[in-house]
Amino acid sequence: MLYNPLELEKKWQRIWERDELFKVEEDPSKDKYYLLEMFPYPSGKLHMGHVRNYTIGDVVGRYKRMCGKNVLHPIGWDAFGLPAENAAIDHGTHPEKWTYQNIETMKSQLKRMGFSYDWDRELATCDPRYYRWEQLIFLKMFKKGLAYKKRTYVNWCESCQTVLAKEQVENGCCWRHTDQEVSLKEMDSWFFKITDYAEEILDACDQLSGWPERVLSMQRNWIGKSHGAIIRFPLDHSDGEVEVYTTRQDTLYGATFMCFAPEHPMVKEIIKGQPQEAEILEFIERTLRLDSYVRTADFTEKEGMFTGRYCLNPVTHEKIPIYVANFVLFDYGTGAIMAVPTHDQRDFEFAKKYGLSLRVVIQPPGETLKEETMTEAYEGEGTLVHSGSFDGKGNLEALDDIADYLESEGLGHKTVNYRLRDWNISRQRYWGTPIPIIYCETCGMVPVPEEDLPVVLPLDLKIGPNGASPLPLEPSFYEINCPKCGGNARRETDTMDTFVESSWYFYRYTCPDYKDGPINPKSVDYWMPVDQYIGGIEHAILHLLYSRFYTRVLRDLGYLNLDEPFRNLLTQGMVCKETQECPEHGYLHPDEVKDQRCVHCQAEIITGQTLKMSKSKKNVVDPEDLISRYGADTVRVFCLFASPPERDLEWSDQGVEGSYRFLNRIWRLITDHLEDVSRVPSFDGKGDLSALLRDLHRKTHQTIQKVTHDIEERFHFNTAISAVMELVNEVNRFLGSGRDMGDLACSLVREAVEAVILLLSPVAPHITEECWRMLGHGRSLMETPWPGFQADALEVDKKLIVIQVNGKVRSRIEVPASFDQKEIETEALKDERLQDFIGEKTIKRVIVVKDKLVNVVV
RNA sequence: GCGAGAGUGGCGGAAUUGGCAGACGCGCUGGACUUAGGAUCCAGUGGUAUGACCGUAGGGGUUCGACUCCCCUCUCUCGCACCA
């Protein structure tokens, strides 16, 4: 009988579905285990990244189930988003149709992989039954001031035709369109007040012991907490004042000028009527037109313009000039800085360029700096000078003293600053959750009454050829009467960032049909937090930060009693593959290469770098092709065997073949010896075993121990699989040794074979299920307990002792297991090979490591 | 520049409370079976001057003993970066 994965996998998938083996209910009598993989965007079909992510999860899920846990393992669809609209523009398909077609395709692919999802909990975020709750949460946030609207400079992506959050800008470009530079645009946008939770989210990082340090450090970095002071500088020409934020209040006496960010609203006020007003406005406009990457790049020179106005240094009372400068960031601190050219390199360069004055206020130890001779700023520690009553103090201790002084004089105060900005959630897009707000001509901004939810996204609209959202052009959507006064009103036509949907979907999985609110408290109490979350590192900031924020919002709205959603996080590595290039035709798809030549022009191909699989590099492998060639089990085995999950996986067609061969070996092992093995029960632990049988018995239990440890403690499936391979090799050796196969021998082989099946079943569920039934078992492996190992089976009667001379291995001896240290030493010193090495030399010392080695120092 | 992680055969990777470096797999070599072999099985496979030698990016150190701990250097990956 040949191994026919396609037929056999289909059969078991049908049976699992028929018997509803993946369904799960709340059961207070059982330990719950919430296993979650990041839900996919329904982009068309599954790619290898999905397959790897979901395979890792499925192994954990099946393993935990066999260990007796009540496992929640849901899946759904992150179904709003721009690609659906792009498809609509390109192919004229409506986003809804496109999305649901993709869901159908990908769902059947997931099923073909044999993943153990509870499909009854499936959700799609573009379904009004989902997003209506998101709108309700929005309204509650709005009422608490956690959602607010403001006019400000925002990041605009021309390709997306929409605004982006700060987190969605990478190197000055859009996170989706990595070659589309983001520009600044002044407009009204909705924000979530994530900054209110900055401190809490940052603090809680220390408690997330189940998260990779890498992710935590990225989050801490992103929040960017710093300690400093706000200092107020009075304007010279009016009663106004300018606030600056600094972490270096110790250098305040050396502040000889001030710089505004070009966006700062005060600039326009103070230059009004100045002779250089027009010129400055032109400079501001020119600077803001630059995309943020160019503006902040290393090669961009620091530039500024004098505003014609002065302010007063609050401690020296000197008049200092006010500049507008391109390098000052509007959205950090107060958007204005005090410049201390002697102790800040950027300020130094700026001062030199524009001939501004310098004053040293920190002298380094054993050196005296002079303004006229300085060639760069001194940013180190030292003693304060020219700093009034603070002269002579160390600059670090003066940090606090000066801040206290400012506070007592009413000139400023200590403060903590964060780099994190509020989350801009407005999107000028169609395929998203409508923001439930109405603008009334008389009442102003009015929230949609809760009983009117959901604000349904109309599905009968066509996206224009320029890609812009049809919502602002559709009177039947935006024309509405004010719910308060009944007068003329207009709906908000922005939709929400799709990251809002993914910030709470894992709560909805616990109660997908709950009708009385977004979250059923009973279900959430039972299932949350997520015990294991698995996904790509690319969400280290975006999705994971937003989810941590949203959890706190939901908590403070009274929906849950929880601070952190994800107890343990596993960030799996990327799936990579060699690129192949033709000098003529560029990157080539594997199908376009034959015998190392380009199929179009016969040119020899160049093998390029190993990079993340991507359509643009054409170094992709279609999971569908693999499944129909080898079956899902082979794909699963390879994904896990090739590397540990957190590392990148390098694709290897030959490695896949190897995994397929391994499953074939198991298949033959069982089918070839089925008669022998099925006529006896598995070894019951009774009876005297010969040394050979005891070795096999021991290997079986060692393997159970190792596989359990590798999965349970560290998710190292690659070593778990190799341990099973070793056991298979051992059984084959045993069977090939031509021994007489008595009942006892058969029962031990059966024990070993059953261990192979059980241990491998989370990884390759189909073939193992088939083998399990062949051995006469009636129930699914999913309902079979995970095997335990017997400690007495691990016992050995002889131990191998390594003998070293001066730390180098020179010999090995076997001693009875009962030997103690002294006996081992005596026995080792008798060893002939050792004696040869020692020769005439005198033994200085002998180190004995119990049960392991003897090191003789001569 | 700051922060995090990594560097082991031809390749993917094993080995971490310091104790036989290279498990397992791929590839390769030889053999068996065969009309055939790109199936299967068996044997071998870090280097080498074949030594009792060398070898875990390089250099130092601690130790009886270091892939593992400490110091320095190099390389690579990722994140942040004119953050005041």
Side-chain angles (χ1 to χ4, degrees), chain A residues 2 170-171 212-222 224-226 228 244-249 251 255 259 261 295-298 300-302 325-329 331-340 343-347 349-350 417-419 537-538 540-541 571 573-574 610 637-638 641-644 646-659 661-662 664-665 668 706 716 718-729 732 736 800-812 833 836-837 844-858:
Chain A
L2 283 177
E170 292 170 358
N171 298 323
E213 198 46 48
R214 194 151 80 105
V215 176
L216 292 174
S217 106
M218 280 192 226
Q219 295 219 344
R220 288 192 187 103
N221 212 326
W222 188 262
K225 181 180 183 179
S226 65
V244 303
Y245 170 73
T246 181
T247 55
R248 294 296 307 273
Q249 58 271 25
T251 63
C259 291
R295 189 176 151 200
T296 60
D298 293 345
T300 304
E301 206 178 328
K302 291 175 187 39
N326 63 348
F327 70 92
V328 179
L329 304 171
D331 62 1
Y332 185 81
T334 62
I337 60 161
M338 67 176 204
V340 184
H343 304 294
D344 182 291
Q345 186 58 26
R346 294 158 302 179
D347 298 348
E349 287 165 24
F350 194 85
N417 188 60
Y418 300 92
R419 211 185 72 110
I537 186 76
E538 65 272 20
I541 296 179
T571 47
M574 298 178 298
T610 299
V637 169
F638 176 73
F641 182 65
S643 66
E646 64 276 11
R647 243 195 268 186
D648 285 353
L649 181 151
E650 196 180 312
W651 193 262
S652 150
D653 293 331
Q654 286 161 340
V656 180
E657 291 277 353
S659 300
R661 278 206 289 269
F662 169 56
N664 269 291
R665 268 205 302 282
R668 279 198 307 274
K706 176 159 176 57
H716 277 205
N718 55 333
T719 51
I721 293 170
S722 68
V724 176
M725 286 174 171
E726 280 185 57
L727 180 56
V728 171
N729 292 345
N732 274 324
L800 185 71
I801 303 293
V802 169
I803 301 181
Q804 297 182 333
V805 177
N806 290 345
K808 286 188 174 156
V809 180
R810 296 305 187 195
S811 182
R812 297 178 178 87
R833 283 168 57 86
D836 289 350
F837 272 98
K844 282 195 204 151
R845 201 173 148 191
V846 179
I847 289 135
V848 181
V849 181
K850 198 172 175 306
D851 299 348
K852 277 191 180 151
L853 66 80
V854 175
N855 189 11
V856 182
V857 186
V858 296

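Throughout, a chain's letter reflects where its sequence line sits, starting with A, and its residues are numbered from 1.
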Partner set under salt bridge (charged side-chain N to carboxylate O under 4.0 Å, His left out) for [X], not counting sequence neighbours:
X      : value
A/R346 : A/D344
A/E213 : A/R220
A/R665 : none
A/K225 : A/E199

The criterion is side-chain contact (heavy atoms from CB on, under 4.5 Å); which residues satisfy it with [X], sequence neighbours excluded?
X      : result
A/E726 : A/K699
A/N806 : A/V857, A/V858
A/A720 : A/V707, A/D710, A/I711
A/Q654 : A/S652

Determine the Euclidean distance between corresponding [atom1] atoms of [M] and [N]; express it in Å to zero decimal places.
N     : M     : atom1 : value
B/G58 : B/C67 : P     : 11 Å
B/G55 : B/A21 : C1'   : 9 Å
B/C70 : B/U62 : C1'   : 7 Å

Detail all sub-3.5 Å separations between protein N/O atoms and N/O atoms belonging to nucleotides 38-40 of chain B.
residue : atom : partner : partner atom : Å
B/U40   : O3'  : A/R668  : NH2          : 3.1

- Item | Pairing string, 5' to 3', for RNA chain B - Watson-Crick or wobble contacts under 3.5 Å, brackets [ ] where pairs cross, | to another strand | (((((((..(((......[....)))((((((.......))))))((.....))..(((((..]....))))))))))))....
- Which of the following nucleotides, B/A4, B/A23, B/A84, is nearest to the side chain of A/E213? B/A4
- Which nucleotide in the list B/C80, B/A84, B/C26 gets nearest to the side chain of A/W222? B/C80
- Item | Given RNA chain B, 5'-ward residue of the pair A/G658 and A/I537, judged by closest heavy atom | A/G658
Using a cutoff of under 3.5 Å, can you pull out all pairs of nitrogen or oxygen atoms linking the protein to nucleotides 45-50 of chain B, with atom names and distances?
none

- Heavy-atom contacts, protein to nucleotides 8-20 of chain B, under 4.0 Å, summarised as B (base), S (sugar-phosphate only) or - (none) per nt, yield ----BSSS---BB
